[in-house]
Amino acid sequence: ALNQGVLENQTNQARLTYGSTGERLATAVVDVVEPLVSIVKTLISPSSALADASDALTYRVTLSHRANSSADAFNVVVTDTVPAPLVVSGAITTAGTCDVVGNAVSCDLGDMVSLATATITITASLPLNASLAEIVNVGTVSSDTDDPAPENNEDDEPVTPVRASLTLHKVLNQDNGGNATLADFVLTATPAVGSPVINAADPDASLVVGAAADVAPGTFTLTETDVPGYEGSSWVCTGGAVTADGVVTVPSGTDVVCT
């Protein structure tokens with residue numbers, strides 16, 4: 001057996017002696033191939049390098065030990081401190097155990113024999129108010145055995161947050177002598193599940209500000225307050241399709257404006 005930490009080639013020599021001067025030597029050299037564990041990190045959900053604010057993210061970390069190693073890789077450990085604004089929700093592994101403290105993930109895989117593999121799955125969420133700067137997540141593998149190719153011991157996976165927004169405007173027509181103001185018309189956008197994301201009047205008649213919110217992609221039902229003497233028209237939206245009954249689709253990373 002090859003002991004831990006013995007990575008140089010090994011020479012085994014046998015000596016035969018006979019009589020007073022007779023001697024024969026036989027030598028065998030064992031070529032020792034050092035353990036080589038590599039790490040590959042992949043973002044598997046979402047399927048692109050863009051993540052919507054409020055998305056759940058799943059990373060896959062794959063470890064492999066090359067085929068022709070002469071020794072095990074001893075005490076293999078994977079570390080991954082997931083950067084903010086991501087929030088880690090869990091980590092599981094096909095070999096060994098994982099611990100999660102805050103956003104710090106540490107997985108103890110034990111010893112890896114030649115051809116061994118392991119897969120770690122890390123889940124995280126991206127807050128709705130996350131910065132839109134690129135997030136680079138780095139995973140690192142180490143062991144108690146010298147690695148001849150340290151460049152394979154680290155891998156990163158970037159993701160760029162994108163954010164969708166929805167803005168509602170009200171155009172008030174007073175042709176028939178009405179005296180209502182914008183404040184009388186509360187504009188509401190309600191997602192398919194959950195409470196309204198917008199429930200406010202348009203503060204600006206210039207169609208510049210509007211009642212607005214950052215939203216997760218999806219569909220929203222648009223309504224406004226019924227004011228006596230006024231009849232609302234159909235909603236018109238740019239950036240997203242809207243149905244005749246006022247259901248607008250907000251695509252990923254898109255600013256949708258409806259009037």
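Below, all heavy atoms of this structure are taken into account, side chains as well, without hydrogens, waters or symmetry copies.
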Below 4.5 Å, heavy atoms only, C-beta onward: do V256 and P251 meet side chain to side chain?
yes
For the side chain of N103 and the backbone of V88, is there at least one donor-acceptor N/O pair under 3.5 Å apart?
yes
Taking atom types as modelled, is there a side-chain donor on Q174 or Y230 under 3.5 Å from an acceptor on the other?
yes
Go through the steps to decide whether V77 and C107 satisfy the test side chain to side chain contact (heavy atoms under 4.5 Å, CB included), and finish with yes or no.
CA-CA 6 Å; V77 175; C107 299; over 6 Å; no
D111 side, atom CG; F74 side, atom CZ - distance, nearest 0.5 Å
6.0 Å
Verify the cluster assignment for L126 and V215: are they in a single hydrophobic cluster under the rule of side-chain heavy atoms below 4.5 Å apart?
no
T121 vs T58 side-chain heavy atoms within contact, under 4.5 Å
yes
Would you say D144's side chain and N75's backbone share a donor-acceptor pair under 3.5 angstrom?
no
Can you find a pair of side-chain heavy atoms, one from L207 and one from V171, that are under 4.5 Å apart?
yes
Taking V197 as the starting point, is it possible to reach L128 by hopping between hydrophobic residues whose side chains are less than 4.5 Å apart?
no
Kindly indicate, with the supporting measurements, whether the criterion side chain to side chain contact (heavy atoms under 4.5 Å, CB included) is fulfilled by C258 and W235.
CA-CA 6 Å; C258 297; W235 288 94; 3.9 Å; yes
First locate atom CD1 of I120, then atom OG of S106, and finally report the distance between them rounded to the nearest 0.5 Å.
9.0 Å
Quick check: is I39 connected to V82 through a chain of hydrophobic side chains (ILVMFWY, heavy atoms under 4.5 Å apart)?
yes
Taking atom CD of E134 as the centre, report whether more than 12 heavy atoms of other residues, nucleotides or ligands fall under 6.0 Å from it.
yes
Return the CG to CG distance between L36 and N153, rounded to the nearest 0.5 Å.
7.5 Å
Exactly one candidate in L222, D255, V257 meets side chain to side chain contact (heavy atoms under 4.5 Å, CB included) with L166; the answer is L222
Closest heavy-atom contact between P196 and T190?
CG-OG1, 3.6 Å
Heavy-atom closest pair (G90 atom, V100 atom, distance to 0.1 Å) is C-CG2, 4.3 Å
To check you understand the geometry: which heavy-atom pair defines the closest contact between D72 and P35, and what is its length?
O-CG, 3.4 Å
Min side-chain heavy-atom separation V159-Y59 under 4.5 Å
yes
Value rounded to 0.5 Å, distance of CG in L187 from NE2 in H169:
10.0 Å
Which heavy atom in A180 sits nearest to a heavy atom in L172, and how many Å separate them?
O-CD2, 3.2 Å
Could you give the distance from NZ (K170) to OG1 (T225), rounded to the nearest 0.5 Å?
9.5 Å
Just wondering, do L57 and L86 contact through their side chains at under 4.5 Å, heavy atoms?
yes
How many angstroms lie between atom OG of S89 and atom CD1 of I122, to the nearest 0.5 angstrom?
10.0 Å
Under 3.5 Å donor-acceptor, H65 side chain and M112 backbone:
yes
Is it the case that one hydrophobic cluster holds both L43 and I135, taking links as side-chain heavy atoms less than 4.5 Å apart, direct or via other members?
yes
Using the rule given for side chain to side chain contact (heavy atoms under 4.5 Å, CB included), can you reason through V186 versus N199, listing the C-alpha separation, both sets of side-chain angles and the distance that settles it, and then say yes or no?
CA-CA 6 Å; V186 176; N199 189 36; 3.3 Å; yes
Side chain to side chain contact (heavy atoms under 4.5 Å, CB included) with T219: of V248, V247, T243, only one passes, and it is V247
Any side-chain heavy-atom pair from F220 and T188 closer than 4.5 angstrom?
no
Is a side-chain donor-acceptor pair under 3.5 Å present for S38 with S64?
yes
Does T42 reach the main-chain N or O of I44 with its side chain, forming a donor-acceptor pair under 3.5 Å?
no
Taking it one step at a time, do S252 and D52 satisfy side-chain hydrogen bond (donor to acceptor under 3.5 Å, both in side chains)?
CA-CA 6 Å; S252 170; D52 286 293; 2.7 Å; yes
Would you check if L182 and P203 make a side-chain contact, meaning some heavy-atom pair closer than 4.5 Å?
no
I'd like to check D55 versus S125 (side-chain heavy atoms, cut-off strictly below 4.5 Å). Are they in contact?
no
Ignoring hydrogens, what is the shortest heavy-atom contact between A164 and V250? Give both atom names and the distance.
CB-CG1, 3.7 Å
Heavy atoms from other residues, nucleotides or ligands near CG of D226 exceed 12 (cutoff 6.0 Å):
no
Please determine, by modelled atom types, if D108 and T97 share a side-chain donor-acceptor pair under 3.5 angstrom.
no
Can you name the closest pair of heavy atoms from C237 and V242 and give their distance?
SG-CB, 3.7 Å
Assess the residue pair T117 and L63 against the criterion (side chain to side chain contact (heavy atoms under 4.5 Å, CB included)); give the C-alpha distance rounded to whole Å, side-chain angles, the decisive distance to 0.1 Å, and a yes or no.
CA-CA 5 Å; T117 62; L63 291 305; over 6 Å; no
